[in-house]
Amino acid sequence: MTRKVNYSASLCRHDFGLLHARIKDAVAYTAIYLAAFYAVLVLAGIILYVFAKGFPVLDLPFFTTVTSVVNGTVGIAGNMVNTVYIVVLTLIAAVPTGVGAAVWLNEYAASCKAVRLIEFATETLTGIPSIVFGMFGMVFFGTTLGLGYSILTGALTLSLMILPLITRSTQEALRAVPDGYRDGAIGMGATKWHMIRTILLPSAMPGIVTGILLAVGRIVGESAALLFTAGSGYLLPDVGSGLVHKIMESGGTLTIQMYLSMARAEYDTAFGIAAVLLCMVLAFNLLLKLLTRRWNRISR
Amino acid sequence: MNGIKIETTDLNLYYGNHHALKAVTMDIRADAVTALIGPSGCGKSTFLKALNRMNDLTKGVRITGRVRLDGVDIYASGVDMTALRRRVGMVFQQPNPFPMSIYDNIAYGPRIHGEKSRARLDAVVERSLRRAAIWEETKDRLKKPAAGLSGGQQQRLCIARALAVEPEVLLMDEPTSALDPASTLKIEELLLQLKRSYTVVIVTHNMQQAARVADDTAFFLAGEVIEKGRTKRLFSGAQDTRTRDYIAGRYG
């Protein structure tokens with residue numbers, strides 16, 4: 001038996017069912033609104049708090065000197081240099097491999113099973129806690145390969161960690177390239193590699209660069225995987241050959257230094273570094289947004 | 001009387017277990033337009049792609065029989081794919097200009113084949129665009145992205161791109177099915193000019209188009225060539241009832 005509902009009547013008459021629904025709707029709306037507001041509030045709160053505590057610490061010597069009891073300076077110059085080293089070395093190790101793997105998976109791999117296995121492996125890699133990467137890096141690169149506590153050990157460890165990110169974003173970018181480009185180039189007599197080099201990779205470049213920027217963000221923010229691999233050196237490299245030797249020396253990034261400062265209850269320094277890190281994250285996000293918008297406009 | 005440019009003998013093609021082309025034996029005349037007609041999935045596009053080995057890219061494809069270009073088997077071992085596709089160019093159903101400038105699109109083929117001289121590339125670009133009847137529309141915007149052209153212009157650009165490597169044969173896979181009637185007409189006019197110096201093979205779903213542009217026509221059904229011959233004869237009095245029915249629009 002179906003009950004006939006008279007909607008027009010319920011609009012005029014006082015209907016408890018409808019009132020009930022209206023109240024539920026209002027409550028849900030308020031809750032969702034508060035949840036969204038809460039997220040924004042927390043973010044804004046953290047940023048304001050860190051900036052308020054951190055900015056007073058930031059002066060020129062903070063950026064240009066290293067911490068020294070003898071000179072009486074507190075500075076993060078060495079850590080900033082280390083961060084640049086780690087970022088550059090990690091990218092050098094991970095980008096060619098990651099992009100290469102994605103090209104192979106997308107353009108060459110003949111067996112679906114192999115592709116699925118590798119994709120499963122990369123997805124799993126993404127889920128591994130970074131401290132596990134740190135342990136592996138310390139044992140394998142540090143001890144087995146004898147690289148010790150060094151920037152190189154840290155960078156190689158991180159390269160494993162961001163490999164899936166690079167591969168994933170490159171694969172997605174390659175998948176978005178229309179097949180017509182491939183057929184067109186091959187039909188012109190291009191070899192596969194020529195086609196990949198001249199058509200596919202340039203078309204996929206925005207996606208690849210986005211992946212790289214995300215990876216840089218992760219490298220800059222990483223601490224657990226670096227603590228036991230790159231160590232915590234904070235000195236500036238000697239100019240000259242020291243710039244090369246530096247990669248074999250221990251070097252803590254900004255996050256590592258922040259961790260150490262907090263462990264020593266040097267909260268001013270920690271907040272200073274936090275403010276610098278937050279600025280970097282904001283800058284990265286802004287850069288990403290700008291680039292994405294620009295590329296979208298070009299491709300249209 | 002034109003000579004024979006391409007001849008296929010007993011050409012069979014399998015996608016895995018699917019027998020897509022069944023013993024196709026056909027001669028394609030030089031400097032003429034040959035149309036391949038037939039309902040969707042009849043194998044005409046597959047046949048077209050077999051003529052410059054574009055099927056090689058597809059997984060699980062197996063081919064038996066022969067395809068001879070000027071008497072030479074293109075499936076023989078040691079055939080250079082780059083050289084083959086230079087001689088046998090291709091235009092696709094969807095206009096597929098590369099995401100680069102109009103100039104670079106046209107120069108893409110010549111550059112594959114090692115052309116570096118700026119002056120010669122300039123000349124090739126102009127000549128190819130003129131031949132594809134799109135020079136006037138593009139000469140002032142050669143450095144602009146090809147994506148800014150209309151669909152019909154893009155397709156003529158793709159024809160120009162294919163012509164830039166001086167092919168002998170032009171394969172066209174439903175080149176006008178994604179275009180409006182005016183653009184279609186332009187491409188058809190272009191085809192009639194091109195056949196003076198190129199051998200053209202065109203797959204089309206459009207009977208009128210085949211009748212307008214093709215000297216020869218072959219009717220495909222379920223992977224077989226049912227009937228082939230001069231377009232006029234096929235359209236005025238096909239011998240096979242299936243050909244007559246298809247041309248009359250009774251199926252497909």
Side-chain angles (χ1 to χ4, degrees), chain A residues 99 103-119 169-210 291-300, chain B residues 45 48-49 51-60 79-100 104-114 144-148 154-155 157-167 169-173 178:
Chain A
V99 171
V103 168
W104 185 80
L105 283 171
N106 228 45
E107 308 299 325
Y108 287 93
S111 142
C112 277
K113 258 189 203 149
V115 171
R116 249 179 276 142
L117 186 73
I118 294 171
E119 282 179 351
S169 54
T170 307
Q171 257 188 299
E172 264 159 37
L174 287 174
R175 272 191 208 130
V177 177
D179 275 339
Y181 292 175
R182 295 177 177 85
D183 292 343
I186 296 289
M188 301 286 306
T191 58
K192 199 155 182 177
W193 172 238
H194 186 83
M195 179 268 289
I196 290 170
R197 199 164 51 82
T198 55
I199 308 280
L200 282 194
L201 289 180
S203 312
M205 201 45 84
I208 297 174
V209 171
T210 306
L291 286 179
T292 332
R293 201 177 303 162
R294 217 178 123 198
W295 275 319
N296 282 345
R297 209 173 358 172
I298 289 170
S299 63
R300 230 178 269 137
Chain B
S45 285
L48 188 78
K49 285 181 186 153
L51 302 181
N52 75 340
R53 298 190 56 173
M54 284 299 279
N55 288 315
D56 290 16
L57 300 176
T58 316
K59 279 177 205 158
V79 167
D80 177 21
M81 229 42 92
T82 301
L84 169 67
R85 288 177 185 145
R86 175 180 201 164
R87 295 177 63 194
V88 185
M90 189 149 197
V91 175
F92 298 85
Q93 181 174 3
Q94 288 293 332
N96 58 350
F98 299 138
M100 43 180 86
D104 288 335
N105 261 281
I106 307 296
Y108 190 81
R111 280 177 177 148
I112 292 175
H113 303 290
K144 297 269 168 60
Q154 286 185 8
Q155 193 61 306
L157 179 79
C158 291
I159 294 173
R161 187 175 68 190
L163 296 180
V165 293
E166 303 281 342
V169 181
L170 208 52
L171 307 177
M172 304 180 118
D173 193 358

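Note that the coordinates shown come from a computational prediction; the quantities given were computed from them, not determined experimentally. Here is how names work: the chains are called A, B, and so on, in the same order as the sequence lines, proteins then strands, and each is numbered from 1.
When all heavy atoms of A/M195 and B/Y108 are compared, the pair lying nearest together is CA-OH, 3.9 Å. Residues B/H113 and A/M188 approach most closely at NE2-O, 3.6 Å, considering heavy atoms. In terms of heavy atoms, A/H194 sits closest to B/I112 at NE2-CG1, 3.6 Å.
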Please table the atom pairs, donor to acceptor, closer than 3.5 Å between any side-chain atom in residues 91-99 of chain B and protein atoms at least two apart or in another chain.
from  : atom 1 : to     : atom 2 : distance (Å)
B/Q93 : NE2    : B/S177 : OG     : 3.1
B/N96 : OD1    : B/R161 : NH2    : 3.0
B/N96 : ND2    : A/G180 : O      : 2.7

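Between B/R85 and A/I186 the shortest side-chain heavy-atom distance falls below 4.5 Å.
Here the CE-CG distance, from B/M90 to A/D183, works out to 8.0 Å after rounding to the nearest 0.5 Å.
Heavy-atom proximity under 4.5 angstrom to chain B picks out A/I199, A/S203 from residues 199-206 of chain A.
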